[in-house]
Every structure is written in C-alpha cells, then in structure tokens.
Amino acid sequence: MLAKPQPQELAREQDDEFARAVIYGLSRPQKTLPCRYFYDAHGSNLFERITELAEYYPTRTEAGILAAHAREMTDALPAGGALIEFGSGSSRKTELLLDELSERAAYVPIDVSPDALAQARARLAQRYPGLDIWPIVGDFSQLPCLPHALKARPKLGFFPGSTIGNLTPADASRLLARFKSLLSSEGRLIIGIDLKKDRAMLERAYNDSSGVTAAFNLNLLARINREIEPAFDLGAFTHAAHYNDREGRIEMHLVSRNDQRFAILGHRFTMRAGETIHTENSYKYSVSQFQALARCSGWKPVRVWTDPDTLFGVHELA
Ligand code: SAH
Ligand code: AVI
C-alpha cells in the first residue's frame, strides 16, 4: 500500500516548485528530473569545472569563435543599448563581448542561479567599473518582460554555451519565439550551438575521465537530499551518458545500481536495478537544421561563425 502524504508534506509540495517538479518527474514511466535544477551553488561550480576539462570541447571552442569575431557580433548595437544574456552562469565568455561593448551598453545577465549571478556581478564590476549591470534571477522561459527602464533601449540578445540544446526542438522553438518578443523587432540574437559530430568525441565530452560530469549529474540527487529531504543514497546510482543518434542528442541518466525504494514528501517510489532517471538532453544541430528551427520561430539567420574543425557554431539571428 502507498503511504498517503501527510498534510504538512502536501502543503510543502504545493508551495515548493522544486519539490513538485521532482515528484512529477519521478512519477512518470521513464523517470525524469528537469535539468535546470542542476544549477544550485554546487552545480554551478561543477559546471565551471566541466568547462575546463580537456574532453569538454564546447566552451573553449565557442570562446575562440567569440574572441575572433566579437567586433562583428557587437557592431550593430548602438550606444545606449543593452546586452541581454540568457543563462549567463559565470559570464566568463561575455567578457569577450563586453571588451567591445562596456563603454556603450548596459549588461543584463539572466540566470536561475543566484550564486553564479552574484559572483559574476562582483567580478565584472571590478573589471568594468563604469558598466551598468542589471542581474535578473529567474527562469528565462518564464520571464514576462524586461525591466521597464530597458524597454526603449536597442537590444542585443546573447545565448551562448548551446544551452538551448538542453531543450527539445519544440521547446527550443517556443523559447526563440519568446526571446524575439522580449528583444523587440529590431533586436538581434547571438546564439551558440554545438554541431553534430563524431559520436566518440561527443560521448567523451559527457563521460570525462575525472568524473566531474558524473558529480554534476549526481548533484541533482544531492540537491534533493539537501533541499527537500534526505531521500537518496548517492552510492546506489551511477552516471551514464550516450549519444541517441535517432534524436540527435546526448542523453544523461542516473542508473540505479540495484532494486531500491525511496520516498519524497510521503510519495513512495521504486526502481529496479538498471532502471534510469533521465536528467538531461543535449541536442546537436547542423548549421542548416538550426537555421530552419530559427526561421520557424520567426527569426532570420544572418551569419554563422564556426571554428576551423567545425565543432561549434555561433549564429547571428535578426
Ligand atoms: N552561458 C554559460 C553557462 C552555460 S551553463 C556558458 O556558456 O558557459 C547553463 C546556464 O544556464 C547555467 O548558469 C544555468 O544556471 C542557466 N540556466 C539553465 N536553465 C535556465 C533557465 N530555465 N532559466 C535561466 N537560467 C537557466
Ligand atoms: C549547459 N549545457 C549546454 C551543457 C551541455 O553540454 O549540455 C550542460 C552539461 N551537461 C553535461 N556537461 C555539460
């Protein structure tokens, strides 16, 4: 028999968006957890360590493309404009654009991680003393509008890191359409997209030899233990990532090592040995596939820059 959640547990679940998302995801036939919850303070630090791994090519490759073309990417934004970044994290790559823009534009980093935003703001305030910074803590897919004071300014959107690849193509298209209305009709968007490539290289990037990606994946369970209740034995799960060729995406999973049971706010769950919790998708697009998605979402592809090995693409959309 299933235990009924107690009234105080039900109240907690209803108040708490994270608890609701966890219970909903774990109740599905293929258990899932939303990947935006990776990024608490621990998760954001682990992601920063991932970006420094030899196997994780996207960050350094995209940074190389930004360094080579920052001036062309920022040329269209006039003085008095604003650079609006979605999922800004540490804002390290942003410095490559701010080196061009900091004298003439405000910077609006948007992220679900308050810790990442606070650290980035402190560092940028030192590096660019005159820069007007407007951090926004929140889910970029739920943002109803930008602060009123920014409405009249010309805007350049920046969405690096291939973070849009963590959404299904249907959700990615909805998000691009939403960004179009946030940035208004004259706004442009510079967006980084990881390209389709050799399976072995992709799988190495998500199964690094130092185990940092595994720790990043397991942090989702650790976060549930910290913030909701101590439900999981982390030793009872392993990290797995593989390329799903049919869907064109890397999938990350947490695999149950044995048959097990756990409960969250009175909701009981069972897992068989080998059963998985699907924690992240990372879609890879060819240049033409991504341009087609952008067109369907109301954007016009203008230019695309890639690295010499065509591992990564940075698109300009108008
Ligand atoms: N832009 C950085 C960080 C990429 S990691 C880079 O290119 O290296 C993805 C970032 O997006 C994290 O900082 C995470 O906290 C943020 N993020 C993920 N989903 C989000 C959402 N729905 N709304 C706002 N931020 C989100
Ligand atoms: C943020 N995002 C685009 C990363 C990716 O590559 O999908 C997150 C990540 N997951 C595992 N490693 C990095």
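Counting convention: from 1, in listed order, for ligands and their atoms alike.
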Inset, instruction - Flag N281 as yes when one of its N or O atoms lies below 3.5 Å from any N or O atom of ligand 2, and as no otherwise. - result: no
Inset, instruction - Output yes when R204 and D198 qualify as a salt bridge under the 4.0 Å nitrogen-oxygen rule, no when they do not. - result: no
Inset, instruction - Using distance alone, determine whether V112 and ligand 1 share an N or O pair under 3.5 Å. - result: yes
Inset, instruction - Determine, for K197 against D309, whether the closest basic-nitrogen to carboxylate-oxygen distance falls under 4.0 angstrom. - result: no
Inset, instruction - Report the distance from atom CG of L156 to atom CG of L83, rounding to the nearest 0.5 Å. - result: 5.5 Å
Legend entry - Any P160 heavy atom less than 4.0 Å from ligand 1: yes
Inset, instruction - State if G161 counts as touching ligand 2 under the rule of any non-hydrogen atom under 4.0 Å. - result: yes
Inset, instruction - Please check if the distance between the ring centroids of F290 and Y283 is under 6.0 Å. - result: no
Legend entry - Atom indices of ligand 1 within 4.0 angstrom of G161 heavy atoms, with elements: 7 (O)
Inset, instruction - State the atoms of ligand 1, each with its element, that fall below the 4.0 Å cut-off from a heavy-atom position in G89. - result: 13 (O)
Inset, instruction - Please report which non-hydrogen protein atom sits nearest to atom 8 (C) of ligand 2, along with the residue it belongs to and the distance in Å to one decimal place. - result: E280 OE2, 3.4 Å
Inset, instruction - Give a yes/no on ligand 1: does D139 have at least one heavy atom closer than 4.0 angstrom to it? - result: yes
Legend entry - Contact partition for F140 relative to ligand 1, non-hydrogen atoms under 4.0 Å: both
Legend entry - Side-chain ion pair, D259 and R272, N-O less than 4.0 Å: no
Inset, instruction - Could you tell me whether some N/O pair between G87 and ligand 1 is separated by less than 3.5 angstrom? - result: yes
Legend entry - Pair D307 + R60, salt bridge at N-O below 4.0 Å: no
Legend entry - Closest approach of any protein heavy atom to atom 6 (C) of ligand 1, naming residue and atom: K93 NZ, 3.4 Å
Legend entry - Distance flag, aromatic centroids of F159 and F140, threshold under 6.0 Å: yes
Legend entry - F38 contact mode with ligand 1 (heavy-atom cut-off under 4.0 Å): neither
Legend entry - atom 9 (C) of ligand 1: nearest protein contact (heavy atom, Å): T163 OG1, 3.6 Å
Legend entry - Salt bridge present between R71 and E100 (N-O < 4.0 angstrom): yes
Legend entry - Electrostatic pair R36-E17, nearest N-O below 4.0 angstrom: yes
Inset, instruction - Would you check whether Y39 has a nitrogen or oxygen atom less than 3.5 angstrom from a nitrogen or oxygen atom of ligand 2? - result: no
Inset, instruction - Give the atoms of ligand 2, by number and element, whose distance to some non-hydrogen atom of Y56 is under 4.0 Å. - result: 4 (C), 5 (C), 6 (O), 12 (N), 13 (C)
Inset, instruction - Would you confirm whether the ring centroid of F38 sits within less than 6.0 angstrom of the ring centroid of F47? - result: no
Legend entry - 4.0 Å heavy-atom contact, D111 with ligand 1: yes
Inset, instruction - Please indicate whether any nitrogen or oxygen in T163 is less than 3.5 Å from any nitrogen or oxygen in ligand 2. - result: no
Inset, instruction - Output the list of atoms in ligand 1 that are nearer than 4.0 Å to some heavy atom of R36, sorted by atom number. - result: 19 (N), 22 (N)
Legend entry - K93 and E95: CA distance, side-chain angles, deciding distance, salt bridge (Lys or Arg N to Asp or Glu O under 4.0 Å) verdict: CA-CA 5 Å; K93 283 175 218 166; E95 291 183 8; over 6 Å; no
Legend entry - Closest approach of any protein heavy atom to atom 5 (S) of ligand 1, naming residue and atom: F47 CE2, 3.4 Å
Legend entry - Numbering as shown, the atoms of ligand 2 that approach S162 to under 4.0 Å (heavy-atom distance): 3 (C)
Inset, instruction - May I ask you to list the atoms of ligand 1 that are less than 4.0 angstrom from any heavy atom of G138? - result: 23 (N), 24 (C)
Legend entry - N or O pair under 3.5 Å between Y206 and ligand 2: yes
Legend entry - Sub-3.5 Å N/O-N/O distance, S282 and ligand 2: yes
